[in-house]
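Numbered from 1 within each chain, the chains take letters A, B, ... in sequence-line order. Any value given below was found using the heavy atoms of this structure, including those in side chains, with hydrogens, waters and symmetry copies removed.
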Amino acid sequence: MKAYLLSLFNSTSEKLNYLNEINLTFEIPKNLEHGDLSSNVAMLLTKSLRKNPRQIAEEIISNFELDKDVISKVEIAGPGFINFFFSKNYVATIVKNILSNEKDFGKSKKYFGKRANVEFVSANPTGPLTVGHGRNSVIGDTFANLLEAIGYEVDREYYFNNAGRQMRVLGDSVKLRYLNLLGKDVVFPEDYYQGEYIRDIAQSLVNDFGEKLIDENPEGIFKEKAEKEIFYEIEKTLKRLGIFHKIFYNEHTLYESGKIDSLLNTFKEKNLSYEKDNAVWLKLSEMGNDQDKVIVKNTGEPTYRLPDIAYHITKYERNYDLIVDLFGSDHAATYPDVLAGLKALDKDISKMKVLIHQFVTITQHGEVVKMSTRKANYITLDELIDEVGVDVVRYFFNMRAINTHMNFDIELAKKQSDENPVFYLQYAHARICSILRMTEAEGIKLSIENLNLLISDEEQKLLKKLSFFEEEILQSAENFEPNKVCSYLEELAAAFHKFYTFCRIIGVEKNLSEARLALACATKIVLLNGLKILGVSAPEKM
RNA sequence: GCGCCCGUAGCUCAAUCGGAUAGAGCAUCAGCCUUCUAAGCUGAGGGUUAGUGGUUCGAGUCCACUCGGGCGUACCA
């Protein structure tokens with residue numbers, strides 16, 4: 001429908017030149033009486049033309065060359081909106097389109113041939129993924145799915161660091177637990193990792209090695225064992241959610257390959273850094289940021305900024321057209337430094353898209369749970385999946401805008417899992433599958449020959465909803481808004497459930513029956529394609 | 001103190017780059033199953049969009065300030 005209006009305005013602009021100056025947009029009116037699509041061009045032109053918007057609208061309309069088979073009515077309404085009403089026949093043709101494209105319906109080729117990198121999760125292997133990581137994991141994967149749907153070839157990437165202070169403490173924690181288990185009298189400091197998993201790892205070392213490791217360095221087998229075990233668990237959890245990273249990028253390789261040193265040299269050569277107080281500083285204030293920051297400490301160790309910049313340079317070297325970083329608001333302060341560094345090195349910053357999601361506030365028994373891996377005060381993602389299932393977890397994190405400070409009431413999630421909107425969508429899909437089983441038994445075959453019979457309100461509303469799918473996906477992807485996919489699918493499911501209630505398929509006149517079956521099949525395809533982007537299953541029975 | 005994010009129905013959230021009468025779900029209440037799955041449908045109640053000013057044809061949306069909450073503000077990541 002939008003495509004038709006665009007070409008309509010395009011041909012009209014040959015007569016009315018001022019139409020070329022305006023950015024054409026169409027919106028779907030909330031109120032049905034305002035048509036199927038609406039344009040506000042006339043109002044946007046009031047200033048430059050110095051005319052009443054309704055007069056302008058009048059002039060535009062009178063120059064349209066309308067196809068009566070497509071547009072049934074055009075009217076001017078309110079302050080100067082131009083409202084378009086499409087013919088029922090035209091609306092019904094979407095079914096053909098859906099049935100012939102099937103799995104590919106909704107996908108677009110706008111970004112065909114482009115490559116994107118989506119970095120998400122990126123948790124260091126110090127403990128199991130928590131509910132807090134869940135939001136990052138799910139929306140990161142959904143972004144990747146969305147980008148694929150609009151033509152990108154996407155690499156999912158996980159950046160991690162198995163060196164540094166956190167990991168030292170991890171090794172120390174395991175060793176102390178190990179000594180603990182062997183009956184040694186040791187003090188376990190409060191700021192060490194308190195989690196039960198540390199004890200499990202230590203226990204398995206006791207089982208395998210007995211007392212042989214008592215004199216081993218904590219940075220050796222203790223740390224290595226912990227990292228391996230924890231990473232194994234992280235990957236297992238992600239796998240449950242259907243998340244698979246193509247690339248695991250270890251920060252350490254940046255040092256081994258000399259990229260850190262060479263970056264440091266580049267900064268120095270370009271006079272972008274200087275030494276002060278025995279440390280190396282990056283001239284961020286000259287790059288437009290608030291203040292200069294240290295990139296190499298007086299101990300000789302780099303701060304996280306240097307490897308972060310070096311890491312992102314590798315993304316540029318790997319020739320991506322789009323580089324997406326997703327992280328929680330606790331890291332929001334770090335990315336301007338990275339961007340400034342990249343810009344100073346003449347990298348095209350417009351390829352970067354840094355997305356920040358707000359925190360998930362967990363409440364349990366009416367109280368806010370402050371999550372801390374160190375203090376072992378957390379609810380793991382695995383526990384959540386055990387409680388409510390993969391589909392609910394994925395849907396729940398996808399359904400809210402990433403900027404919302406979302407609340408997660410654990411009790412409510414368990415209790416209301418039956419009433420979660422995800423079941424509403426899945427139920428629509430299962431209902432259609434059920435109809436398909438019945439019609440097959442009855443020998444009813446779908447047909448696209450008599451789609452013009454689909455004229456009731458319920459049928460038309462469903463058809464219109466279906467026709468906006470591709471546009472919704474495109475917008476969700478371009479704006480990085482997975483929650484819009486959820487809203488769309490909920491509306492689609494609602495339109496279907498109404499259609500189901502009022503329009504019978506089995507037991508009506510043959511041509512109508514076949515046309516309605518075609519509509520039901522088209523709906524099934526769109527539901528399936530949409531749920532697939534969200535990573536949610538579409539059961540055939542419930 | 002400063003920076004970023006947020007504040008919408010009892011609760012959780014929407015609202016198409018500023019659009020027409022602010023919408024869903026849950027919860028509450030009243031109806032609908034001899035016919036394709038009632039995990040559904042129909043209807044009702046529920047709002048000074050935190051507050052005060054401003055910008056304009058038009059503001060939940062943009063600007064300023066105030067109040068309240070989250071996250072930052074390291075030679076930790």
Under the side-chain contact (heavy atoms from CB on, under 4.5 Å) test, which residues partner [X], sequence neighbours left out?
| X | answer |
| --- | --- |
| A/T439 | A/I435, A/L436, A/I444, A/I505, A/I506, A/L517 |
| A/E58 | A/I76 |
| A/V296 | A/L264, A/V280, A/L306 |
| A/D191 | A/P189, A/R374 |

Does the side chain of [X] get closer than 4.0 angstrom to OP1 or OP2 of [N] through an N or O atom?
| X | N | value |
| --- | --- | --- |
| A/Y424 | B/C41 | yes |
| A/K276 | B/C75 | no |
| A/K297 | B/A74 | no |
| A/R431 | B/A38 | yes |
| A/S434 | B/U37 | yes |
| A/N403 | B/C6 | yes |
| A/K293 | B/A74 | no |

- Query: For residues 298-308 of chain A, which residue pairs qualify under side chain to side chain donor-acceptor pair (under 3.5 Å), counting only residues two or more places apart or in two chains?
  - Reply: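 Counting only pairs at least two positions apart or across chains, the side chain to side chain donor-acceptor pair (under 3.5 Å) contacts touching residues 298-308 of chain A are A/R305-A/D337.
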- Item | Chi-based syn or anti call at B/C57, which uses purine or pyrimidine torsion atoms and a 90° bound | anti
- B/A77 base / A/T303 side chain donor-acceptor hit below 3.5 Å: no
Mind checking [X] for me? I need base, sugar-phosphate or nothing, with any heavy atom below 4.0 Å counting as a touch.
| X | value |
| --- | --- |
| A/N124 | sugar-phosphate |
| A/A430 | base |
| A/K370 | sugar-phosphate |
| A/S38 | base |
| A/H34 | base |

- Note on the structure: Of A/M438 and A/H331, the one whose closest nucleotide on RNA chain B sits nearer the 5' end is A/M438
- Task: Assign each of A/Q475 and A/Y304 to its nearest nucleotide of RNA chain B by heavy atoms, then name whichever residue's nucleotide is nearer the 5' end.
- Result: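 Result: A/Q475.
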Using a cutoff of under 3.5 Å, can you pull out all pairs of nitrogen or oxygen atoms linking the protein to nucleotides 56-59 of chain B, with atom names and distances?
none

- Task: Carefully, step by step, assess A/K353 and A/L322 under the rule side chain to side chain contact (heavy atoms under 4.5 Å, CB included).
- Result: CA-CA 7 Å; A/K353 182 74 186 178; A/L322 176 66; 4.3 Å; yes
- Return the value, rounded to whole Å, for the distance between atom NE2 of A/H429 and atom C1' of B/G40. 17 Å
